Participant: 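The structure is given below, and queries will be raised subsequently.
In this text, all values refer to a predicted model and were calculated from it rather than measured experimentally. In what follows, every heavy atom counts, from backbone to side chain, and hydrogens, waters and symmetry copies are set aside. Each chain gets a letter, A, B and so on, in the order its sequence line appears, and its residues count up from 1.
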Protein chains: 2
Amino acid sequence: MTPKLSQIKKDFTESLSQISRFWGFPKGMGAIFAVLYLSPAPIPLDEIVGLTGLTKGAVSTEVRTLARMGLVHRSSKLGDRKDYYEAETDFYTSIRSILKERQNSEFDRALRGVRETLEKLDSGSVSGDEAEIKFLRERLKALQEFFNAIDSLTNAVIKLDKLGISNVAKILNVLK
Amino acid sequence: MTPKLSQIKKDFTESLSQISRFWGFPKGMGAIFAVLYLSPAPIPLDEIVGLTGLTKGAVSTEVRTLARMGLVHRSSKLGDRKDYYEAETDFYTSIRSILKERQNSEFDRALRGVRETLEKLDSGSVSGDEAEIKFLRERLKALQEFFNAIDSLTNAVIKLDKLGISNVAKILNVLK
DNA sequence: TACTACATTTAGTAATTACTAAACGTAGTA
DNA sequence: TACTACGTTTAGTAATTACTAAATGTAGTA
């Protein structure tokens, strides 16, 4: 039995929805990206609505966050008031912008929290058992070093392109 | 005004809870890890309950997933039926096991979905417009290559240790 | 064997997040 | 100016996820 193209597309959209959810994004976001990715030409919002089954409101908001992440691009045609959307096809570009996006988020706020805690301990202004303070200082310091390592790794990855990523795996294997 | 140690600990726990949520884990998990990380000795489940304000049931299940991820370790003392928990302090070890954990998850299932879709297209068994099939094949292929790159990158990182991670950032900068 | 001190499971609730429907805003056209 | 064709916002609902309370299971001790 030969499967229909439309079924193939639906399967793919389903897969991307799951992947989206797995990474903590709404599954609708994955679906929207999928239909855009499978479209040879930019399509207007209403068509996304038709293809995904979501409402205009949902598509409107999620397509915006996709655009902010650099995963889709919005464009418009002269003499046509519709907005048209298309998927970014260079994933290495996308990854970079997603990482950037994440860097100035709640995550960073939390990291600053840890840093500030450590500063308080280091400043000696904290009252309490000396041995315990020493212990806490060591633990927090270790955690902070780890965060810093991740941070510089992230920054390095942000600068990578396709060639870079595929080489890194090889290099890491050599390192080991 | 000199802050109290207990306040410092609460702040830290709060920060880790947020970080936990940011990465798609329950905030309770972050809190549990935090109190274990700040404890100089392994502590029993009931004490975690007291320090986090969660119930026994919640701590029981979340501590188990933390253990599966390798972020905490369970131990028991002879002649004592309590289980004791302590935090893994080598984060590089933890990262490895988290990545491993994620590799055989829903995510992988979804990736297989994409692969299978592509195989169907390649096998020529799909009926539909030839030009469109060709287009879809190209797009899916590009996506799959990307996934493969990420996959081998992940595998490489799994093999890394502390030294490795801190070097990688430097190396990546040279690459660029 | 029954009791005690613990951990786990389960069934239900609270909180959060994704989404819908519909009102609203706006830019272009007549 | 009013109308039309679109996008956005908002207020509420559905679905999901995190959590609680309490029943159940279990290993060790008397």
Participant: Return the value, rounded to whole Å, for the distance between atom CD1 of Ile48(A) and atom P of dT20(C).
Facilitator: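 Result: 14 Å.
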
Participant: Rounding to an integer number of Å, can you tell me how far Tyr84(A) OH sits from dG7(D) P?
Facilitator: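 From Tyr84(A) OH to dG7(D) P: 9 Å.
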
Participant: Working to the nearest 0.5 angstrom, can you tell me the gap between Ile32(A) CD1 and Thr13(A) OG1?
Facilitator: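 Ile32(A) CD1 to Thr13(A) OG1: 11.0 Å, rounded to 0.5 Å.
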
Participant: Does dC6(D) have OP1 or OP2 sitting under 4.0 Å from an N or O in the side chain of Lys82(A)?
Facilitator: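 Yes, because at least one side-chain N or O of Lys82(A) sits under 4.0 Å from OP1 or OP2 of dC6(D).
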
Participant: From the list dC19(C), dT8(C), dT9(C), which nucleotide is the closest neighbour of the side chain of Pro26(A)?
Facilitator: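 Of all the options, the side chain of Pro26(A) is nearest to dC19(C).
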
Participant: Tell me, do Lys9(A) and Leu136(B) make a side-chain contact under 4.5 Å, heavy atoms counted?
Facilitator: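 Answer yes - side chains close enough.
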
Participant: Tell me: NZ of Lys56(B) to P of dT20(D), nearest whole Å?
Facilitator: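 In whole Å, dT20(D) P and Lys56(B) NZ are 14 Å from each other.
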
Participant: If you pin Lys27(A) and Thr61(A) to their nearest nucleotides in DNA chain D, which one's is more 5'?
Facilitator: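 Of the two residues, Thr61(A) wins.
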
Participant: Starting at the 5' end of DNA chain D and moving along, which residue's nearest nucleotide shows up first, Arg81(B) or Val63(A)?
Facilitator: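 Closest to the 5' end, via its nearest nucleotide, is Val63(A).
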
Participant: Give one of base, sugar-phosphate or nothing for Gly57(B), where a contact means two heavy atoms less than 4.0 Å apart.
Facilitator: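 The answer is base, as Gly57(B) lies within the cut-off (heavy atoms under 4.0 Å) of a base atom.
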
Participant: Counting the atoms with a prime plus P, OP1 and OP2 as sugar-phosphate, which does Gly53(B) contact under 4.0 Å by heavy atoms, base, sugar-phosphate, or nothing?
Facilitator: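 Result for Gly53(B) = sugar-phosphate.
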
Participant: If you pin Gly28(A) and Arg74(B) to their nearest nucleotides in DNA chain C, which one's is more 5'?
Facilitator: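 Result: Arg74(B).
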
Participant: Can you tell which of dT8(D), dT20(D), dC19(C) lies closest to the side chain of Leu54(A)?
Facilitator: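 Closest nucleotide to the Leu54(A) side chain: dC19(C).
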
Participant: Without decimals, in angstroms, what is the distance between Asp83(B) CG and dT8(C) C1'?
Facilitator: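 Roughly 11 Å, once rounded to whole Å.
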
Participant: Which of these nucleotides, dT20(D), dT8(C), dA21(C), is closest to any side-chain atom of Thr55(A)?
Facilitator: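 For Thr55(A), the side-chain atoms sit closest to dA21(C).
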
Participant: To the nearest Å, how far apart are Gln18(B) CD and dT16(C) C1'?
Facilitator: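 Those two atoms, CD and C1', are 15 Å apart.
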
Participant: Between dA7(C) atom P and Leu66(B) atom CG, what is the distance in whole Å?
Facilitator: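 Atom-to-atom, Leu66(B) to dA7(C), this comes out as 16 Å.
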
Participant: Tyr85(A) side chain to Val72(A) main-chain N or O, any donor-acceptor pair under 3.5 Å?
Facilitator: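 Flag not set: sc Tyr85(A) to bb Val72(A) has no pair under 3.5 Å.
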
Participant: Between dT8(D), dT16(D), dA7(C), which nucleotide gets closest to the side-chain atoms of Arg64(A)?
Facilitator: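 Selected nucleotide (nearest to the side chain): dT8(D).
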
Participant: Without decimals, in angstroms, what is the distance between Lys77(A) NZ and dC6(D) P?
Facilitator: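 Atom-to-atom, Lys77(A) to dC6(D), this comes out as 12 Å.
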
Participant: Rounded to the Å, how far apart are Asp80(B) CG and dA7(C) P?
Facilitator: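 Between P of dA7(C) and CG of Asp80(B): 9 Å.
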
Participant: Going by atom types only, do Asn148(A) and Gln144(A) share a side-chain donor-acceptor pair under 3.5 Å?
Facilitator: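 No, Gln144(A) and Asn148(A) have no side-chain donor paired with an acceptor closer than 3.5 Å.
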
Participant: Arg21(A) side chain N/O closer than 4.0 Å to the phosphate oxygens (OP1, OP2) of dA15(D)?
Facilitator: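 Answer is no, no contact under 4.0 Å.
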
Participant: Are any of the side-chain heavy atoms of Lys77(B) and Lys82(B) separated by less than 4.5 Å?
Facilitator: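 They are not in side-chain contact.
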
